[in-house]
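A short write-up of the structure that comes next.
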2 protein chains.
Amino acid sequence: MGNSENTEKPDGGVERAATAQAQMRKGVLELCILSILSQGDAYPTEIIDKLKDTKLVVVEGTLYPLLTRLKNTGLLGYRWEESTSGPPRKYYKLTEIGAQYLKELQLSWGELVEAVNKTIEKGKNNI
Amino acid sequence: MGNSENTEKPDGGVERAATAQAQMRKGVLELCILSILSQGDAYPTEIIDKLKDTKLVVVEGTLYPLLTRLKNTGLLGYRWEESTSGPPRKYYKLTEIGAQYLKELQLSWGELVEAVNKTIEKGKNNI
DNA sequence: TTTTAGTACCTTGTGTTACATAGTACTAAA
DNA sequence: TTTAGTACTATGTAACACAAGGTACTAAAA
């Protein structure tokens, strides 16, 4: 019965794509968070919501350590702000260094997209 | 990175970009390797060279485990082939499942690029 | 024959990172 | 006082890329 080795589906590729899709997202998380903060200060829950809008689903356990890391390296600062609907919010803000770093990241992103697309295009001729 | 002291450089962002750049590349490695193999069978050293052409530098220690993983999940197959200039080469080949999976990955990639670019564009208005 | 150089594949250990999970704390309303 | 909603924090785990070192095969030089 249970040759349930790998829960294979008729087209076994589909559910694997989710894994690799997640893989691809990882690398650009930092870029997206900095981009969002360049639009204005925001607190974590707000950032998560904005990422959802662009199909990049991220959970707290991922975001908080990342924000702390970015803060510790001087790319972000933060301030506390009262809220009328719960505990105080930690608003993060892009520093000057962070803004400069963001520009570099955007450049790298553009180069990566170009490189990958070039590789993909070559392949498409032979499928 | 616990910089308790001041390891900071005048333009602290620059060398951090290399790290995050590497981060971003990680997610697309699988996509690129499958794309390359869709152009025809290839052995590891050959794949590394082709990746270099598109600015995606990868080393053996990264590629070999990845190829083995892709093989074990049925996305790749391989055959040995003699060489006149050294040891035999292990030619990897995209399987049918692998080809289908590649198409899905390419789709995911396109969606990701669009999502990230949308986020970046919003930010650029406010810098 | 032995040595050297070049090519190619493989393995192990390490550090980073995203995520799942669980926990703490504050506010407002029932 | 309890409950629900919001928000931030901490801990443990698994995956992954990479550095570094190792094995093995061929051909040509000594």
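Every chain is numbered from 1 and lettered A, B, ... according to where its sequence line falls, protein lines coming before strand lines. Computed from a predicted structure; not experimentally measured.
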Distance-minimising heavy-atom pair for [X] and [Y]:
| X | Y | result |
| --- | --- | --- |
| A:Leu94 | A:Leu37 | CB-O, 4.3 Å |
| B:Pro88 | B:Trp80 | O-CZ3, 3.7 Å |
| B:Ser35 | B:Leu102 | OG-CD1, 3.7 Å |
| A:Val116 | B:Cys32 | CG2-SG, 3.9 Å |

Whole-Å distance between [N] [atom2] and [X] [atom1]?
| X | N | atom1 | atom2 | value |
| --- | --- | --- | --- | --- |
| B:Glu81 | C:dT7 | CD | P | 18 Å |
| A:Asn72 | D:dT9 | CG | C1' | 14 Å |
| B:Asp49 | C:dT7 | CG | C1' | 12 Å |
| B:Leu67 | D:dA17 | CG | P | 11 Å |

Discussion item. Per the ring-ring contact (aromatic ring centres under 6.0 Å, His included) rule, what does the pair list look like for residues 44-73 of chain A, sequence neighbours excluded?
Written reply: none

Worksheet item: Nucleotide by nucleotide, 5' to 3', does protein get under 4.0 Å of the base (B), only the sugar-phosphate (S), or neither (-) in nucleotides 18-30 of chain C, counting heavy atoms?
Response: SBB----BBSS--

Just N and O in the side chain of [X]: are any of them under 4.0 Å from OP1 or OP2 of [N]?
| X | N | result |
| --- | --- | --- |
| B:Tyr43 | C:dA8 | yes |
| A:Tyr64 | D:dT9 | no |
| A:Thr68 | D:dT9 | no |

Worksheet entry | All stems with DNA chain C, defined as three or more consecutive Watson-Crick or G-U pairs under 3.5 Å | C:1-30 with D:1-30

Discussion item. A side-chain contact here means heavy atoms from C-beta on lying under 4.5 Å apart; do B:Arg79 and B:Asp41 qualify?
Written reply: yes

Worksheet item: Given side chains that start at C-beta, do those of B:Leu112 and A:Leu56 come closer than 4.5 Å, heavy atoms only?
Response: yes

Item to complete: Mind running side chain to side chain donor-acceptor pair (under 3.5 Å) on B:Glu46 and B:Tyr92 for me, showing each step along the way?
Response: CA-CA 10 Å; B:Glu46 204 179 349; B:Tyr92 282 92; over 6 Å; no

